[in-house]
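Working notes, beginning with the structure itself.
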Amino acid sequence: MPELPEVETVRRGLAPVMEGARFAKVEQRRADLRFPFPANFARRLKGRTVESLGRRAKYLLACLDSGEMLAMHLGMSGRFTIEHGAGAKAGARELPGEFVHEASADAKHDHVVFTMSNGSVIRYNDARRFGYMTLIEPGGMDAHPLFKGLGVEPLSPAMTPRLLASRAAGRAQPLKAFLLDQRVIAGLGNIYVCEALYRAALSPLRPASALATQSGAPSAAGRLLAQAIQAVLRDAVAAGGSSLRDYRQADGSLGYFQHTFCVYGREGQLCLRGTHPSGGEMRPQTGDIGTRRAHAHERSEGGAARACGGMVERVIQNGRSTFYCPTCQK
DNA sequence: CCGACTACCTGCCCGC
DNA sequence: TGCGGGCAGGTAGTCG
């Protein structure tokens with residue numbers, strides 16, 4: 001599941017039990033996940049204190065007091081569960097991203113178990129084992145093969161129409177593949193690429209070069225897409241936090257997949273554009289209640305935003321499902 | 001450099 | 001109830 005918003009949600013859940021705590025015990029139950037664990041992985045972690053838990057793209061990064069960094073990637077099916085110890089920071093249970101370990105969980109895929117000095121037990125569970133963990137030497141992140149080629153952090157100020165245009169100029173590759181390329185933008189995955197293109201009303205089949213003009217400056221499409229990417233991710237991060245509680249009560253699991261999407265997974269259903277106050281419309285300003293209200297008001301008065309009426313289709317690009325509305329995504 | 005493709009792994013869901 | 005096929009949120013490696 002984990003694309004950037006899910007990883008960020010997990011980070012916010014883990015931070016209160018990991019930051020400031022020591023690894024009292026580290027159980028590594030197999031020699032590898034997607035890659036072999038580094039030599040003496042458990043021994044190098046044990047006794048170390050987590051100074052901060054950060055995120056880069058889809059990686060969780062625990063900075064250790066040794067100067068090393070523990071990098072964790074969730075692959076396709078990786079998840080963390082937490083059993084809270086008495087010493088966890090007050091309020092930890094209320095924070096988004098928390099998910100509670102259940103005795104019935106599929107323990108045979110619990111590959112790594114951290115017991116923290118505050119008594120909390122953190123389990124990494126990953127049925128498909130596409131995830132991985134590694135330790136990075138002090139100061140070694142920029143040169144590390146996993147990180148050196150990573151593209152721009154999409155929620156950072158560096159994620160500009162200009163950046164998109166400069167990377168997209170002259171490329172025949174479809175927008176879908178361009179946005180999935182972690183060397184350009186790091187953190188989008190199959191779902192949020194579909195959602196961002198939908199929000200920007202751009203076809204996933206369009207060549208990436210559509211994001212730039214002849215001179216290489218950002219096109220209107222490029223400006224729209226840059227904004228759509230950030231809006232989609234911000235909304236998803238916000239939803240991950242706010243919706244978690246209900247999800248947890250429902251089945252005790254992680255709160256990131258109940259989020260409903262505007263286009264992903266909606267094959268054969270009516271396009272939502274123009275049918276709902278927040279039905280995937282490209283908003284002029286994200287996260288601004290006042291603007292959103294004004295926008296809805298304008299629509300009800302002028303009737304400018306009629307329902308699209310199209311049908312969501314699924315096509316395969318690079319072996320992966322793309323969902324889009326051919327009627328409004330051009 | 002670009003772009004297409006394969007491989008890695010398990011679980012789940014569907015149709016027969 | 002079992003079995004085969006297709007599908008799943010990711011990405012590293014290979015090849016033309």
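Below, chain A is the first sequence line, B the second, and so on; all start at residue 1. Bear in mind that the values here come from a model prediction, so they are computed numbers and not experimental data.
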key: Residue list, ring-ring contact (aromatic ring centres under 6.0 Å, His included) with Y132(A), at least two apart or on another chain   = F35(A), H73(A)
query = Any Lys/Arg nitrogen of D32(A) or R30(A) sitting under 4.0 Å from an Asp/Glu carboxylate oxygen of the other?
reply = yes
ask   = Residues from residues 167-180 of chain A sitting under 4.0 Å of DNA chain B, heavy atoms only?
value = R171(A), A172(A), Q173(A)
key: Covered region of DNA chain B, 5' end to 3' end, by chain A [heavy atoms, under 4.0 Å]   = dG3(B) to dG11(B)
query = Quantified in whole Å, what is the P atom distance between nucleotide dC9(B) and nucleotide dC3(C)?
reply = 23 Å
note = Across all chains, not counting sequence neighbours, the side-chain contact (heavy atoms from CB on, under 4.5 Å) partners of K46(A) are none
task = Could you note down all residue pairs passing ring pair (Phe, Tyr, Trp, His ring centres under 6.0 Å) where residues 36-56 of chain A supplies at least one of them, sequence neighbours left out?
result = F37(A)-F41(A)
inquiry  = Test of understanding: with side-chain hydrogen bond (donor to acceptor under 3.5 Å, both in side chains), list the residues that count as partners of Q317(A), not counting sequence neighbours.
reply    = T322(A)
inquiry  = Quick check against the 3.5 Å criterion: does S117(A) have a side-chain atom that pairs as donor or acceptor with the backbone of R22(A)?
reply    = yes
ask   = Charged N to carboxylate O below 4.0 Å: is that the case for D181(A) and K176(A)?
value = no
query = Near DNA chain C, under 4.0 Å by heavy atom, which residues of residues 27-40 of chain A?
reply = R34(A), F35(A)
query = Got a minute to check which stems DNA chain C is part of, using Watson-Crick or G-U wobble pairs under 3.5 Å, three or more consecutive?
reply = B:2-8 with C:10-16, B:10-16 with C:2-8
ask   = Across the strands shown, which category fits R314(A) at heavy-atom distances under 4.0 angstrom: base, sugar-phosphate, nothing?
value = sugar-phosphate
Donor-acceptor under 3.5 Å (R44(A) side chain, A39(A) main chain) = yes
inquiry  = My understanding is that only residues two or more places apart in sequence, or in another chain, count here; which of them pass side-chain contact (heavy atoms from CB on, under 4.5 Å) with L270(A)?
reply    = none
ask   = Does a nitrogen or oxygen in the side chain of S77(A) sit under 4.0 Å from OP1 or OP2 of dA8(C)?
value = no
key: Nucleotide dG10(C), atom C1' - distance to CG of L60(A) in whole Å   = 15 Å
request  = Would you tell me if any nitrogen or oxygen in the side chain of H73(A) comes within less than 4.0 Å of OP1 or OP2 on dT11(C)?
outcome  = yes
ask   = What pairs with C63(A) under side-chain contact (heavy atoms from CB on, under 4.5 Å), at least two apart in sequence or on another chain?
value = S52(A), M69(A)
query = Taking only residues two or more places apart in sequence, or in another chain, which ones meet S215(A) in a side-chain hydrogen bond (donor to acceptor under 3.5 Å, both in side chains)?
reply = T213(A)
ask   = Does A71(A) have any side-chain contact (heavy atoms from CB on, under 4.5 Å) partners at least two apart in sequence or in another chain, and if so, which?
value = L61(A), T134(A), I136(A), F147(A)
ask   = Does S203(A) use its side chain to pair, donor to acceptor, with the backbone of L205(A) at less than 3.5 Å?
value = yes
key: Length of the line joining F147(A):CZ and dT11(C):C1', which is rounded to integer Å   = 13 Å
query = Does a side-chain N or O from Y132(A) land closer than 4.0 Å to OP1 or OP2 of dG10(C), or not?
reply = no
